[in-house]
Number of protein chains: 2
Amino acid sequence: MDKPKNYELRAMHATLCQAIADPTRIALLYELGDGRKHVSQLVGSLQLPQATVSRHLKILRDRSLVATEREGTFVYYSLVYPEVLAALDIMRSVMHTNLSEQSSLANAIYFTQGEG
Amino acid sequence: MDKPKNYELRAMHATLCQAIADPTRIALLYELGDGRKHVSQLVGSLQLPQATVSRHLKILRDRSLVATEREGTFVYYSLVYPEVLAALDIMRSVMHTNLSEQSSLANAIYFTQGEG
DNA sequence: AGAATATATCCGCATTTCCGAATATTAGAA
DNA sequence: TTCTAATATTCGGAAATGCGGATATATTCT
């Protein structure tokens with residue numbers, strides 16, 4: 001029993017990565033990077049329907065990326081693993097590098113053709 | 001023009017994260033962490049149909065996470081941004097922490113009930 | 001109990017993603 | 001050119017995912 005366990009672990013790894021692979025959830029995670037916030041606050045900052053925000057929060061909660069504390073009628077959400085933001089930052093910097101390299105490439109082609 | 005641009009960036013960020021949110025692609029990225037490999041080698045190590053491997057490689061290539069060099073009939077793939085593995089490592093360690101905490105919790109419940 | 005507020009879940013529908021067999025393309029050898 | 005090996009792409013269908021209005025649940029206040 002080695003192959004199946006590796007496969008399962010990889011599937012879980014992917015499931016966890018998938019949790020952070022959505023624009024709304026990325027926004028939620030960065031919002032929570034500032035500290036805990038309740039649902040209404042998150043709805044306010046993301047400007048999305050409450051059902052949408054709750055649905056995404058549930059996805060993060062199911063994967064233990066966020067934790068909840070109820071206070072009266074409010075439910076506060078907070079990051080369980082702030083390192084997740086570091087992972088997101090890496091991917092974001094890769095994206096930016098990519099973007100600038102693409103535009104450099106575009107310029108290179110443009111000027112090369114322009115000069116002939 | 002600020003909201004729309006932020007939205008676009010977040011969408012791109014998510015698209016990039018989605019590239020790493022699949023078990024096959026995670027396996028591919030870690031395989032390439034050892035150095036460049038051609039498709040047949042990857043098919044050999046992952047034990048998946050060639051079409052499947054090529055399809056996933058295309059997804060990584062489209063997002064510039066891997067680059068290709070042709071040598072004869074072989075096409076070698078390599079990582080463009082090895083930092084991506086660091087991001088994957090973070091998520092993996094979060095997963096492991098989660099797993100051990102879940103089993104601690106399971107034990108705690110088990111023993112608590114056992115002692116009653 | 002009844003009203004009000006905050007949050008979670010349900011539902012139907014549209015879109016995306018994945019799979020793998022089959023097929024197309026590419027490069028080198030005969 | 002024809003054959004062969006390596007890789008890429010296409011196709012149809014199954015499964016997963018996202019959306020947001022409507023509704024359910026939970027908590028507090030009166």
Side-chain angles (χ1 to χ4, degrees), chain A residues 4 7-8 10-29 31-32 35-79 91, chain B residues 7-8 10-29 31-32 36-79 91:
Chain A
Y7 178 78
E8 273 179 51
R10 231 189 278 290
M12 295 182 57
H13 195 173
T15 297
L16 206 55
C17 288
Q18 194 165 1
I20 67 168
D22 175 274
T24 300
R25 293 195 291 273
I26 288 174
L28 284 172
L29 291 166
E31 280 293 324
L32 295 178
R36 67 176 211 161
K37 291 181 182 163
H38 59 68
V39 181
S40 297
Q41 289 177 309
L42 294 167
V43 168
S45 29
L46 300 210
Q47 298 268 87
L48 288 174
Q50 178 263 322
T52 300
V53 171
S54 273
R55 186 164 25 80
H56 284 289
L57 285 171
K58 174 176 172 49
I59 291 172
L60 296 174
R61 190 169 12 101
D62 286 348
R63 290 156 176 75
S64 303
L65 293 184
V66 298
T68 58
E69 308 166 271
R70 182 177 271 276
E71 276 179 30
T73 56
F74 293 96
V75 176
Y76 284 88
Y77 280 78
S78 54
L79 289 186
M91 297 310 286
Chain B
Y7 178 78
E8 273 178 52
R10 201 153 276 150
M12 295 182 58
H13 195 175
T15 298
L16 206 55
C17 289
Q18 194 165 2
I20 66 168
D22 175 274
T24 299
R25 294 195 292 272
I26 288 175
L28 285 172
L29 291 167
E31 280 292 326
L32 295 177
R36 65 176 213 161
K37 290 179 181 164
H38 58 69
V39 182
S40 298
Q41 288 177 309
L42 295 167
V43 168
S45 28
L46 299 210
Q47 298 268 85
L48 289 174
Q50 176 264 323
T52 299
V53 171
S54 273
R55 190 161 21 79
H56 284 288
L57 285 170
K58 175 176 170 48
I59 290 172
L60 296 174
R61 190 168 13 100
D62 286 347
R63 289 157 176 74
S64 303
L65 293 184
V66 299
T68 58
E69 308 166 273
R70 169 154 240 148
E71 276 178 30
T73 57
F74 293 96
V75 176
Y76 284 88
Y77 279 78
S78 54
L79 289 186
M91 297 312 285

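As the structure is a prediction and not an experimental result, all values here were calculated from the model. Side chains included, hydrogens not; waters and symmetry mates left out as well; all remaining heavy atoms used. Protein chains get the first letters and strands the later ones, always in sequence-line order, with residue 1 at the start of each.
- Taking CG from B:Leu16 and CE from A:Met91, the interatomic distance works out to 4.0 Å, rounded to the nearest 0.5 Å.
- Taking atom CG of residue A:Leu42 and atom C1' of nucleotide C:dA8, one finds them 14 Å apart after rounding to whole Å.
- The side chain to side chain donor-acceptor pair (under 3.5 Å) test applied to A:Ser64 returns no partner, not counting sequence neighbours.
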task: Classify every nucleotide of nucleotides 2-16 of chain D by which part a protein heavy atom approaches to under 4.0 Å, writing B for the base, S for the sugar-phosphate alone and - for neither, in 5'-to-3' order.
output: ----SBBB-------
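- The side chain to side chain contact (heavy atoms under 4.5 Å, CB included) test applied to A:Arg25 returns A:Asp22, A:His56, A:Ile59, A:Leu60, not counting sequence neighbours.
- Residues in residues 11-21 of chain B take part in no side-chain hydrogen bond (donor to acceptor under 3.5 Å, both in side chains) pair, two or more places apart or across chains.
- Here the NZ-CG distance, from A:Lys37 to A:Leu28, works out to 10.0 Å after rounding to the nearest 0.5 Å.
- Contact annotation for A:Ile59: backbone-only contact, meaning every heavy-atom pair under 4.0 Å involves sugar-phosphate atoms and none involves a base.
- The interatomic distance linking A:Asp62 (CG) with D:dT17 (P) rounds to 11 Å, in whole Å.
- In this structure, the helix from C:dA1-D:dT30 to C:dA30-D:dT1 shows an angle of 10° between the axis at its start and the axis at its end, each fitted on 5 base pairs and rounded to 10°.
- Remark: P of C:dA8 and CD of A:Glu69 are 13 Å apart, rounded to the nearest angstrom.
- Judged as a side chain to side chain contact (heavy atoms under 4.5 Å, CB included), and not counting sequence neighbours, the contacts of B:Arg61 are B:Lys58, B:Val66, B:Thr68, B:Tyr77.
- For the OP1/OP2 pair of C:dC19 and a distance below 4.0 Å, the side-chain nitrogens and oxygens of B:His56 include at least one atom meeting the criterion.
- If you measure from atom CG of A:Leu48 to atom P of D:dG20, you get 7 Å, rounded to the nearest angstrom.
- Residues from residues 22-29 of chain B lying near DNA chain D, meaning a heavy-atom separation below 4.0 Å, are absent.
- Side chain to side chain, B:Ser54 and B:Gln50 meet the donor-acceptor criterion of an N or O pair below 3.5 Å.
- Here the shortest heavy-atom pairing between A:Ala21 and B:Ala21 reads CB-CB, 4.3 Å.
- By the 30° and 60° cut-offs, the orientation of the rings of A:Tyr76 relative to A:His38 is perpendicular.
- Scored by the side chain to side chain contact (heavy atoms under 4.5 Å, CB included) test, B:Ser78 finds B:Arg36, B:Ala67 as partners (sequence neighbours excluded).
- For B:Thr24, there are no side chain to side chain donor-acceptor pair (under 3.5 Å) partners two or more places apart in sequence or in a different chain.
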